[in-house]
Amino acid sequence: MAAFVYSMIIMGTHGTIWYHRYCTHGAYKFKNNFWRFFTQNLTLKIIPEEIYVISHHVHHAKSDQPGDPYNAQGGFLYCFLADVNHQPISTSLSQADYSRINNLMKHTGVKPNTYAQYQKWGSIVNPYSAVIYWIVNWSLWYLAFYLMGGHALACTLFGAAGFWAVGVRTFNYDGHGQGDDKRREGTDYSRNDRSINQLWPGYVAGEWHNNHHLYPKSARSGFMRHQVDFAWCYIKFLSMIGAVTSYRDSKKDFLEHYHNPYLANKKSGVTELEPVKVPVR
């Protein structure tokens with residue numbers, strides 16, 4: 001049970017809170033660096049921010065098109081092996097392009113390489129700093145787990161984190177219909193890509209993926225009553241105690257421009273509805 005909860009719910013929800021809604025989309029703002037650091041280290045460090053953030057911006061710009069690093073039409077292995085095949089940032093960026101990449105990362109608190117260092121290492125973060133950070137993070141979490149339940153619990157939860165790291169690679173393949181158009185009327189309103197809302201990723205990680213593609217900068221993506229969103233619960237709680245100073249919540253826009261018109265048309269006998277395109281907020 002501990003492994004299930006840690007891998008599926010805690011690691012999954014943290015990925016949505018930190019990597020997805022904050023680091024990539026800036027859907028909310030922290031009061032200070034303490035709360036940013038606290039949120040960043042709520043779990044074991046598994047994925048470098050730059051690997052997730054930069055490729056995810058490309059994913060939204062080219063969803064389900066050539067160049068999308070998670071393009072489900074490329075097949076299961078194309079998505080599963082994205083981090084080694086086509087997800088890392090280019091190693092031959094110009095100085096101007098590298099500066100643009102840094103601007104996408106500056107709010108995350110990640111200390112970037114200089115352009116000369118980037119040319120040497122091919123990454124935003126200096127590898128020595130990254131390794132030291134991982135050693136400290138893993139050591140402190142192992143100690144915390146050990147104090148809670150000995151080596152057995154520590155090894156179980158570390159293994160669970162590894163299980164999540166493998167399992168999360170399958171998400172975008174499934175979350176974009178495995179390469180087919182599996183969107184459903186009244187459930188999946190985004191028509192600019194093939195993303196779909198799925199119950200399992202939604203309940204365990206707040207990943208209502210079609211809603212997210214409709215409003216990528218929203219701190220909440222569980223817009224319907226049944227769409228539980230633990231990531232949003234955390235962000236809202238931090239807002240209530242003053243740790244988060246602002247956030248975007250697009251539920252009202254979603255209901256007004258998409259779901260309520262669909263219900264009205266359905267009631268009047270219209271079987272298909274092409275949702276109105278509204279600006280992303």
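None of these values were measured; they are calculated from a predicted model.
Using a 4.0 Å cut-off between a side-chain N of Lys or Arg and a carboxylate O of Asp or Glu, R183 and D181 qualify as a salt bridge. We find that E50 and K106 are not joined by a salt bridge, their nearest charged nitrogen and carboxylate oxygen being 4.0 Å or further apart.
Residue pairs meeting the side-chain hydrogen bond (donor to acceptor under 3.5 Å, both in side chains) criterion with at least one partner in residues 158-173, sequence neighbours excluded, are D83-R169. Residue pairs meeting the salt bridge (Lys or Arg N to Asp or Glu O under 4.0 Å) criterion with at least one partner in residues 231-243, sequence neighbours excluded, do not occur; the list is empty. Under the side-chain hydrogen bond (donor to acceptor under 3.5 Å, both in side chains) criterion, the residue pairs touching residues 9-18 are H14-T43, W18-E49, with sequence neighbours excluded. Residue pairs meeting the salt bridge (Lys or Arg N to Asp or Glu O under 4.0 Å) criterion with at least one member in residues 20-37, sequence neighbours excluded, are R21-D229.
Side-chain atoms of Y70 and S55 include a donor-acceptor pair closer than 3.5 Å. If you check the side chains of H57 and H25, you find no donor sitting under 3.5 Å from an acceptor.
Aromatic rings from W141 and F158 are positioned such that their centres are separated by 6.0 Å or more. Residues F145 and Y142 keep their aromatic ring centres 6.0 Å or farther apart. Checked against the 6.0 Å centroid criterion, the rings of W232 and F223 do not qualify as a close aromatic pair.
Contacts of Y19 classified as side-chain hydrogen bond (donor to acceptor under 3.5 Å, both in side chains), with partners at least two apart in sequence or in another chain: none.
Residues near F171 contribute nothing to a hydrophobic cluster around it, because no ILVMFWY side-chain heavy atom sits closer than 4.5 Å to its side chain.
Relative orientation of the F254 and Y189 rings is perpendicular, given thresholds of 30° and 60° on the angle between their planes.
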